[in-house]
> 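Quick one: the structure is below, and I'll ask about it shortly.
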Amino acid sequence: MRILTGLQPSGKLHLGNYFSAISKILQYQNKADLFLFVANLHALTTFSSQKELEENTKSAILDLLALGVDPDKTTFWVQSDVPEVTELTWYLSQAITVSQLQLAHSFKDKVAKGFQPGAGLFTYPILMAADILLYSADKVPVGKDQKQHLEFARDIAERFNASFGECLKLPEPDIDENTATVPGVDGAKMSKSYKNTIDLFASEKEIKKAVMSIVSDSKGIEEPKNPDESIIFQIHSLFLNSSEQSVLKDKYKAGGIGYGDLKKSLLECILDHFAPFRNRRLEIEKDPAFVEEVMNKGKYKASQIARLKIQEIRKKLGIYQSI
Ligand code: ADP
Ligand code: TRP
């Protein structure tokens, strides 16, 4: 079973990304053939500068390796390292209509927010379909916001196969409809666009600042507190098993402990949980030769598959290939 997914290097990773997307992807590593890439070509659709794209891409590689991506088990590469994907995007663009692309929620949302879209943002779902179909993925784990893009990928594959002959595998979406939304420090969905995140690899000082800024009600130390209404509790519970959660709940309900101390205890929990990952990241960062070797290996493995598939597709289309 080949599981494939891509992560855009569009900013720093936060607790919301970790407890939904990343922890789930890492679980697949030991039970399936995982294909994971850093989607730097997609990030071009919201490009701000050469420096930022380059830094974010490198940072995403380090983050994912530090969090546990094992290059011996997982095919891990950077999207642009396998240029066949852009060639396939062009071929697939014959298998989807403009009116279908105009229905894309993510495109419409960005335009509604006043973003001036380039044609690349409009054709973004075709590049995503190419990512998936080039590697014949069986299953694609993504967040709920990507559901429609996966439907496009399936439609494109179906239409392509019907027109040019069976050659693209239809991917199954893997979407947890009930993955809890991790709240940000202000209680809204944690998201880098809302600037309410607790970032995984920020400095201890920055994490402390974020945790101490979590919004709470004005109950005094002695008063009983309602854990179900507390953002501090909601975030803390992500790190706890169910019996630890009920112990913490009882602490809230009993009173005698203030929000300041509850935040300190959450801070400790976050720092403890991520300490091994932070140390590992520092080690990897000091070893660029290791990172290069890992990324070369991923590029090689992904390229081998991509090359064969693109040849098959060119043949189906009647694309001239000189020998
Ligand atoms: P952001 O909203 O910060 O831009 P992304 O859109 O890059 O985050 O999200 C990457 C992945 O993390 C997606 O699968 C998304 O569903 C998941 N994710 C992001 N924020 C949260 C959150 N607050 N709670 C749960 N999952 C989240
Ligand atoms: N569009 C996805 C996101 O923003 C990232 C992505 C690019 C992706 N290509 C993909 C996800 C292929 C799964 C499969 O989250």
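Model, not experiment: these values are computed from the prediction.
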> Determine which pairs satisfy side chain to side chain donor-acceptor pair (under 3.5 Å) with at least one residue from residues 10-21, sequence neighbours left out, and list them in order.
H14-N17, Y18-H273
> Holding to side-chain hydrogen bond (donor to acceptor under 3.5 Å, both in side chains), I want the full list of residues that pass it with Q234, two or more places apart in sequence or in another chain.
none
> Counting N and O atoms only, with roles assigned by atom type, does the side chain of K225 sit under 3.5 Å from a partner on the main chain of I257, one being a donor and the other an acceptor?
yes
> Taking side chain as C-beta onward, heavy atoms only, is F160 less than 4.5 Å from L317?
yes
> Give the intermediate values and the outcome of side-chain contact (heavy atoms from CB on, under 4.5 Å) for residues V38 and F76.
CA-CA 8 Å; V38 177; F76 179 48; 4.1 Å; yes
> Indicate yes or no: does K315 engage E312 in a salt bridge with an N to O separation below 4.0 Å.
no
> Rounded to the nearest 0.5 Å, what separates atom OG1 in T75 from atom CZ in R2?
7.0 Å
> Indicate yes or no: at least one non-hydrogen side-chain atom of K110 is less than 4.5 angstrom from one of T46.
yes
> Surrounding OH of Y300 (heavy atoms of other residues, nucleotides or ligands, distance under 6.0 Å), is the total greater than 12?
no
> Hey, is D72 close enough to K297 for a salt bridge, meaning N to O under 4.0 Å?
yes
> Say you draw a straight line from CG of D186 to CG of N196; how long is it, rounded to the nearest 0.5 Å?
4.0 Å
> How about E206 and S203: does a side-chain donor come under 3.5 Å of a side-chain acceptor?
yes
> Please determine whether side-chain contact (heavy atoms from CB on, under 4.5 Å) holds for the pair R281 and S59, giving the CA-CA distance in whole Å, both sets of side-chain angles, and the decisive distance to 0.1 Å.
CA-CA 10 Å; R281 197 182 187 285; S59 174; 3.2 Å; yes
> Hey, do the aromatic rings of F19 and F239 have their centres closer than 6.0 Å?
yes
> Quick one: pull up CG in L67 and CD1 in I25 and give me the separation to the nearest 0.5 Å.
10.5 Å
> So, Q29 and T74: side-chain donor and acceptor under 3.5 Å apart, yes or no?
yes
> Is it true that a side-chain atom of D199 and a backbone atom of F201 form a donor plus acceptor pair closer than 3.5 Å?
no
> What residues form a side-chain hydrogen bond (donor to acceptor under 3.5 Å, both in side chains) with R314, not counting sequence neighbours?
E87, Q321
> Is there a side-chain contact between P227 and L248, using heavy atoms and a 4.5 Å cut-off?
no
> For the CD atom on E293, are there more than 12 heavy atoms of other groups (residues, nucleotides or ligands in this structure) within a distance under 6.0 Å?
no
> Flag the pair K264 and E268 as a salt bridge only when some basic side-chain nitrogen lies within less than 4.0 angstrom of an acidic carboxylate oxygen.
no
> Could you walk me through whether K249 and D228 pass the salt bridge (Lys or Arg N to Asp or Glu O under 4.0 Å) test, one step at a time?
CA-CA 8 Å; K249 258 189 182 181; D228 298 324; 3.4 Å; yes
> Would a 4.5 Å heavy-atom cut-off, applied to side chains only, mark P117 and F107 as touching?
yes
> Answer yes or no: does atom NZ of K299 have more than 12 heavy-atom neighbours from other residues, nucleotides or ligands under 6.0 Å?
no
> Just how far is it from atom CD of E84 to atom OH of Y135, taken to the nearest 0.5 Å?
7.5 Å
> Is the shortest heavy-atom distance from the side chain of Y91 to the side chain of L133 under 4.5 Å?
no
> Tell me, yes or no, whether the heavy-atom count around K144 atom NZ, taken from other residues, nucleotides or ligands under 6.0 Å, exceeds 12.
yes
> According to a hydrophobic-cluster definition based on side-chain heavy atoms being under 4.5 Å apart (Ile, Leu, Val, Met, Phe, Trp, Tyr only), do I305 and V78 belong together?
no
> Is it the case that over 12 heavy atoms from other parts of the model lie below 6.0 angstrom from the CG atom of L271?
yes
> Rounded to the nearest 0.5 Å, how far does CG of D174 lie from NZ of K139?
4.5 Å
> Just so I know, are the side chains of T197 and L15 near enough to count as touching, which here means a heavy-atom distance under 4.5 Å?
no
> Do the side chains of I61 and V291 get nearer than 4.5 Å, heavy atoms only?
yes
> Ignoring hydrogens and geometry, is there a side-chain-to-backbone donor-acceptor pair from S265 to D261 under 3.5 Å?
no
> State, without any angle test, whether D155 and Q100 hold a side-chain donor-acceptor pair at a distance under 3.5 Å.
yes
> Count the heavy atoms belonging to other residues, nucleotides or ligands that lie under 6.0 Å from OH of Y194, then report whether that count exceeds 12.
no
> Is R154 salt-bridged to E172, going by a charged N under 4.0 Å from an acidic O?
yes
> Within the 4.5 Å heavy-atom criterion, are L150 and I132 side-chain neighbours or not?
yes
> Check the pair Y124, L101 against side-chain contact (heavy atoms from CB on, under 4.5 Å), reporting the backbone distance first and the verdict last.
CA-CA 9 Å; Y124 177 115; L101 286 172; over 6 Å; no
> Distance from M295 atom CE to D81 atom CG, nearest 0.5 Å?
7.0 Å
